[in-house]
Amino acid sequence: MLYALSTCQWCHKTKVLLEELGIAFDYEYVDLLEGKEQDAVMDSVERWNRSGSFPTLVIDNKRAIIGFREQEIREAFAV
């Protein structure tokens, strides 16, 4: 699951990298949500990333990669 902002260049780069690697993933543009829906998603983000920064990539509900870390993402998916 990729938690991102629609205006964030690093979020966009992370999304493009995942697509290029052929990784199936869901994503949520948190800034496009409103009210309780946004609050609930931010609670999910902050479980993995206390600072609530973006992008936050949660892999199999087991680990998170915070920020655009290309090598770490490649290693996490063994590609």
Side-chain angles (χ1 to χ4, degrees):
M1 179 65 175
L2 174 62
Y3 297 101
L5 300 177
S6 64
T7 57
C8 167
Q9 73 173 355
W10 299 112
C11 299
H12 178 74
K13 287 178 179 254
T14 302
K15 187 174 179 235
V16 168
L17 176 62
L18 292 170
E19 289 168 349
E20 287 174 356
L21 296 174
I23 305 300
F25 68 99
D26 294 317
Y27 67 94
E28 191 75 67
Y29 287 134
V30 180
D31 59 321
L32 301 181
L33 302 174
E34 295 181 0
K36 290 182 181 181
E37 188 177 21
Q38 187 180 61
D39 292 342
V41 171
M42 279 307 298
D43 286 344
S44 296
V45 170
E46 290 170 355
R47 269 184 250 145
W48 294 99
N49 174 4
R50 289 184 184 214
S51 70
S53 60
F54 300 94
T56 296
L57 176 62
V58 179
I59 303 169
D60 295 330
N61 248 353
K62 295 180 182 170
R63 68 177 281 208
I65 298 175
I66 312 305
F68 178 70
R69 303 190 185 287
E70 182 174 355
Q71 190 60 38
E72 194 173 338
I73 293 168
R74 288 180 181 277
E75 289 170 3
F77 294 102
V79 288

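The first residue in the sequence is number 1, and the count goes up from there. Predicted model, so just to flag it, every value in this text is computed and none were measured.
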| Should R74 and L17 be marked as a side chain to side chain contact (heavy atoms under 4.5 Å, CB included) after you check the CA-CA gap, both sets of side-chain angles, and the distance that decides it? | CA-CA 9 Å; R74 288 180 181 277; L17 176 62; 3.7 Å; yes
| message | To the closest 0.5 Å, what do you measure between CD (E70) and CD (E75)? | response | 11.0 Å
| field | Within one Ile-Leu-Val-Met-Phe-Trp-Tyr cluster: M1 and V41, side-chain cutoff 4.5 Å | value | yes
If you look only at distance, which donor and acceptor atoms sit under 3.5 Å apart when one is on a side chain in residues 50-60 and the other is two or more places apart or in another chain?
| residue | atom | partner | partner atom | Å |
| --- | --- | --- | --- | --- |
| S51 | OG | N49 | OD1 | 2.7 |
| S51 | OG | S53 | OG | 3.2 |
| S53 | OG | N49 | ND2 | 3.0 |
| T56 | OG1 | N49 | ND2 | 2.9 |
| T56 | OG1 | S53 | O | 2.7 |

| Distance in Å, N61 CG paired with R63 CZ, rounded so as to fall on 0.5 Å steps | 13.5 Å
| message | Count I, L, V, M, F, W, Y as connected when their side-chain heavy atoms are under 4.5 Å apart, and connections chain through other members. Are V45 and L2 then in the same cluster? | response | no
| query | By side-chain hydrogen bond (donor to acceptor under 3.5 Å, both in side chains), which residues pair with S6, not counting sequence neighbours? | reply | D31
| field | I65 side, atom CD1; W48 side, atom CH2 - distance, nearest 0.5 Å | value | 11.5 Å
| said: As a test of understanding, state which of L32, D43, L33 forms a side chain to side chain contact (heavy atoms under 4.5 Å, CB included) with Q38. | reply: L33
| Could you state the interatomic distance from OG1 (T14) to CD1 (I73), rounded to the nearest 0.5 Å? | 4.5 Å
| query | Just how far is it from atom NE2 of H12 to atom CG of L5, taken to the nearest 0.5 Å? | reply | 14.0 Å
Using a 3.5 Å cut-off and no angle test, enumerate the donor-acceptor pairs between side-chain atoms of residues 21-29 and protein atoms at least two apart in sequence or in another chain.
none

